[in-house]
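The block underneath contains the structure these notes are about, expressed in structure tokens.
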Amino acid sequence: MTYDPVEIEGRWQEAWAEADLFVADEQSEKPFFYALHMFPYPSGDLHMGHVEAFSLADAVARFARLRGHEVMNPIGWDSFGLPAENAAIQRGADPKAWTYANIETHAATMRRLGLAWDWSRRLHTSDPAYYRWTQWLFLELFKAGWAYRRDANVNWCPNDQTVLANEQVVNGACERCGTIVTKKALTQWFLRITAFAQRLLDDMEQLQETWPERVLTLQRNWIGRSEGARVAFRIEAPGLEPEDVVVYTTRPDTLFGATFFVVAPEHPHARAWAAAGGVTEEFDAFLQRVQRQTDVERQASEKAKEGLFLGVYAINPVNGERIPVYAADYVLMEYGTGAIMAVPAHDQRDFEFARAYDLPVRVVVAPEGAELDGATMAEAHVGEGVMVNSPGYDGLDWPTAKQALTRDLEERDLGEGSVNYRLRDWLVSRQRFWGAPIPIIHCPECGLVPVPDEDLPVLLPPTEEVEFAPSGESPLATHALWSKVTCPTCGGQARRDTDTMDTFVDSSWYYLRYISPGREDVPFDAEALRRWMPVDQYTGGIEHAILHLLYSRFFTKALHDLGHLDFVEPFTRLKSQGMVVMQGAKMSKSRGNLVEPKELLAEYGADTMRTAILFAGPIEDDVDWADVSEAGVFRWLSRLARLVDEHVEAGGDGQADEELRRATHGAIAGVTSDFVAFKYNTVIAKLMELTNAVSSAFRERGVRGAAVQQALETLSIMLSPIAPHLAEELWHRLGREPFVAAQSWPTFDPALLVEASKQVPVQVNGRLRDTVTLPVGASRADAEQAARESQNVTRHLESREVVKVVWVPDRLVNIVTRA
RNA sequence: GGGCGAGUGGCGGAAUUGGCAGACGCGCAGGAUUCAGGUUCCUGUGGCCGCAAGGCUGUGGGGGUUCAAGUCCCCCCUCGCCCACCA
């Protein structure tokens, strides 16, 4: 058998390891290239999604190496997290042992895939040597005022018994386990990502060309900048001093259409107003009812809006009108100021509420000739409402009215232009065990005291001393001694913080640790940092478009401001790959549609698997494994191996073959640009095409020797980022010294352009009539003459009068005649 | 409700961005090898007409611009993804 993948792959994997081929050389003279992929979480063994992600990452790195870069292509594991702890709860496994056993399983399969990782930089976020610096980073943020504690009504997962960040709540359910999330009032740690909201938006400018538009859009929507105004309404309540309450609105231009005022039930003043209005009992019942609801219930779109008139009134600052104040469940305390002016004619939600509670609808008239805004209810419900103008703003279109009103509010000191963001601060504390302990000491005398640098890391206690069963309390708090500590400031009795950090903290800076993973004195070596950062090419799943990428960008900016980094964006270029599914559904054990990489590796080998998954379609699209033809890819690789063997055996003298040379150089040009554009499916198609060309030259035209040799060598080099083992093997069988991975990318021969001739179609009135051979770069006159002289064309022209001749250089001649 | 994107053979998908539509692979059909199946190797393969040469037609539907449209413009249809009481 010419192609025995298992034997070939094992042999070359050993040879590569022996030669330390993929260890990045810090002393290199070549330009440095940091190829990064999103490091895996170690649960079980690798699945097909990993195979795709790693095939992509490896192709990127190997191609960069062939193009003459010194490449760093590191590997590590995001090894803190809930699944390890759940395994401990469900099966009594030690989360640490479970995690590190999985890592070894991963590593073994990775080696079997022949991935060109730089294993010398391997890291695990659950190693004390790593999380020591995660804790350092937390303290840096703490000292800068960007990590803080506050009471909050937080997202609580009743199943995982821990709080969740907003970003980890998907459709009101826990991102991990799918349980409906409830609310709980707790004191928690937050990171002040909102302080960076505008910069996170602005700096996307520099990613515009190099990140997928889709990811940028998702991030923009997530940050959710909106422009409007803050306007003060005076609240008049019997027995209370008049008081200004600020609302946020994106539509100050509809101020004249406000017919009532709404606050969130949780609004700090709501209860006092209810008391003044004489509805305390009703209010308390209402508040209780609202708070018992989960977010999903409260936000269900088909649900009727509920509210309560508080018996007090607000004064509209622009017209002095007195409007009733309601508490309603559709106004959220977390956004804006927790209070709104309701303009039912111009807002769907206000309109629904107005209908339910029989409140007036008043349309603010759009100026003559101005288009109605998309959100307006005016057109649909004009019959129900009264039409009003905005006195003094007539004749202005909406945007101008908005500007003018905002300016006037500012001048009259009634309000101000204001920008709001949907983004909230990042809740990072978790009541779980398997994570980096928050390095803070709670001292009754000194308050929150950072653990001194020399006492880092704050180590997790041995797992057997901890109670994992969820109790709503941190497992670390169940340990008899762990949290007891003396205050580093005053020496008194104090208590360690028993929460651990969200694992997204660990993964938001790992790319910096890869730079110098061995350093014990600093998180990253400053000089090496300048060599490698920012990352040249980042690859990973689209599912991280928001969380991981946004947090990493935030950390980079924070570290920049603290003087640790001299750049503000961590990832210069980003490519996101799609998911691997099976028959349209996500692969999973329970669905029974799992395809195990192990079985395919044994049957076809790593090269076939890697090639097949990249050949399936554009890398950013989802791949349906049902459409993947590993047998077809295997046939191609076998055919190629056989062709090489036959060529080597046949020998022969060095005849040049123009056709083969052109096919080879055409492939070089096409494959190179496709590699640059991540079009691996067409890269592979072109390599197959070249294989067919070599095969027909060899078999049908009897070409022997140097011409075939050169084509096959070129093919081997171009194949090596995709199917590295076979490429290496063919290179070897062709009589070259190892390693193909150390060669240079073949260059296209421009001389070919000058010498080459092209088959150019000739049309008469747009219909193909003939094909003529013209030198590349031929002039219009040459082309026209050749076209007119061709027999088929002469026949079709007959005696018709030629109106014009269209000449698209190297592509087409079209002779247009009078009808 | 808002935002983004996509519709090309039986299937996955190509098309140098306005220039020979369907590259490459799968599948299918016929043939060779084989006792047979599998493997492997040829040949064919958008549809319609034709023995053939060849012709007509064809990129969700309709209209338009152009010598030339899968690609650009207008209208319509269908599907997918993301966000969503965010004021």
Side-chain angles (χ1 to χ4, degrees), chain A residues 1 170-171 213-218 220-222 224-226 228 247-251 254 262 264 295 298-305 328-332 334-343 346-350 352-353 374-375 420-424 542 545-546 578 611-612 615-618 621-633 635-636 638-639 642 666 669-670 673-674 677 679 681-692 695 699-700 759-771 803-817:
Chain A
M1 196 180 183
V170 179
N171 293 329
E213 186 53 43
R214 205 175 145 211
V215 173
L216 295 176
T217 305
L218 284 172
R220 260 186 221 110
N221 292 345
W222 190 263
R225 183 191 153 102
S226 76
V247 302
Y248 172 74
T249 175
T250 54
R251 296 294 306 276
T254 63
V262 190
D295 275 4
R298 183 165 168 182
Q299 294 172 10
S301 49
E302 65 280 7
K303 176 183 152 295
K305 292 166 177 41
D329 58 356
Y330 78 98
V331 173
L332 307 174
E334 293 89 50
Y335 187 80
T337 61
I340 64 159
M341 62 164 194
V343 187
H346 297 265
D347 183 281
Q348 179 73 42
R349 297 152 301 173
D350 294 345
E352 282 168 26
F353 191 82
N420 237 289
Y421 301 92
R422 207 190 74 114
L423 185 70
R424 313 284 157 78
I542 189 75
I546 300 174
T611 308
F615 185 49
D621 293 359
D622 287 354
V623 176
D624 196 326
W625 192 264
D627 299 326
V628 172
S629 50
E630 62 274 23
V633 169
R635 265 200 289 277
W636 167 51
S638 309
R639 212 162 57 230
R642 205 176 315 121
S673 58
D674 285 355
K679 291 164 76 173
N681 57 332
T682 54
V683 163
I684 294 162
K686 281 166 186 165
L687 295 179
M688 288 174 170
E689 209 178 349
L690 180 58
T691 307
N692 294 344
S695 178
R699 288 181 219 284
E700 285 162 34
Q759 295 288 107
V760 178
V762 179
Q763 299 174 345
V764 176
N765 296 325
R767 280 185 196 289
L768 180 67
R769 293 305 179 195
D770 206 353
T771 306
V803 178
K804 67 170 170 178
V805 176
V806 179
W807 166 233
V808 183
D810 301 338
R811 289 225 193 282
L812 173 118
V813 185
N814 184 17
I815 301 170
V816 184
T817 68

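Just so you know, these numbers use all the heavy atoms, side chains as well, and skip hydrogens, waters and symmetry mates. Each chain gets a letter, A, B and so on, in the order its sequence line appears, and its residues count up from 1.
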Listed partners of [X] passing salt bridge (charged side-chain N to carboxylate O under 4.0 Å, His left out), at least two apart:
X        : answer
A/Arg220 : A/Glu213
A/Arg349 : A/Asp347
A/Asp624 : none
A/Arg635 : none

Report the residues that fulfil side-chain contact (heavy atoms from CB on, under 4.5 Å) with [X], sequence neighbours left out, ordered by chain and then residue number.
X        : value
A/Val623 : A/Glu52, A/Ala616, A/Val628
A/Arg225 : A/Gln198, A/Leu201, A/Glu227, A/Val419, A/Tyr421
A/Arg422 : A/Trp222
A/Glu334 : A/Leu332, A/Arg424

Examine [N]: is either OP1 or OP2 under 4.0 Å from a nitrogen or oxygen in the side chain of [X]? Give yes or no.
X        : N     : value
A/Arg699 : B/C42 : no
A/Arg422 : B/A84 : yes
A/Tyr248 : B/A87 : no

| request: Would you indicate what A/Asp350 reaches in the nucleic acid, counting non-hydrogen atoms under 4.0 angstrom: base, sugar-phosphate, or nothing? | output: nothing

Whole-Å distance separating the [atom1] atom of [X] from the [atom2] atom of [N]:
X        : N     : atom1 : atom2 : answer
A/Trp222 : B/C4  : CH2   : P     : 19 Å
A/Leu690 : B/C24 : CG    : C1'   : 13 Å
A/Arg251 : B/C85 : CZ    : C1'   : 17 Å
A/Glu334 : B/C86 : CD    : C1'   : 10 Å

| said: Within this structure, what is the CD1-OH distance for the pair A/Ile340 and A/Tyr335, rounded to the nearest 0.5 Å? | reply: 12.0 Å

Grab the N/O contacts between the protein and nucleotides 67-70 of chain B below 3.5 Å, and write none if there aren't any.
{"from": "B/C67", "atom 1": "O2", "to": "A/Asn814", "atom 2": "ND2", "distance (Å)": "2.5"}

| task | Assign B/U17 to syn or anti; the rule is syn for a glycosidic angle within 90° of 0 and anti otherwise. | result | syn

| message | Give me the distance, rounded to whole Å, that separates B/C51 from B/U65 when you measure between the P atoms they each carry. | response | 40 Å

| field | Separation between the C1' atoms of B/G10 and B/A29, rounded to whole Å | value | 13 Å

Pull out every protein N or O sitting under 3.5 Å from an N or O of nucleotides 79-82 of chain B, one pair per line with the distance.
{"from": "B/C81", "atom 1": "O2'", "to": "A/Arg214", "atom 2": "NH2", "distance (Å)": "3.3"}

| Which letters describe nucleotides 6-18 of chain B, given B = protein heavy atom under 4.0 Å from base, S = only from sugar-phosphate, - = neither? | -----SBSSSB--

| field | Contacts of A/Ser695 that satisfy side chain to side chain donor-acceptor pair (under 3.5 Å) - sequence neighbours left out | value | A/Arg699

| field | B/C86 base / A/Arg424 side chain donor-acceptor hit below 3.5 Å | value | yes

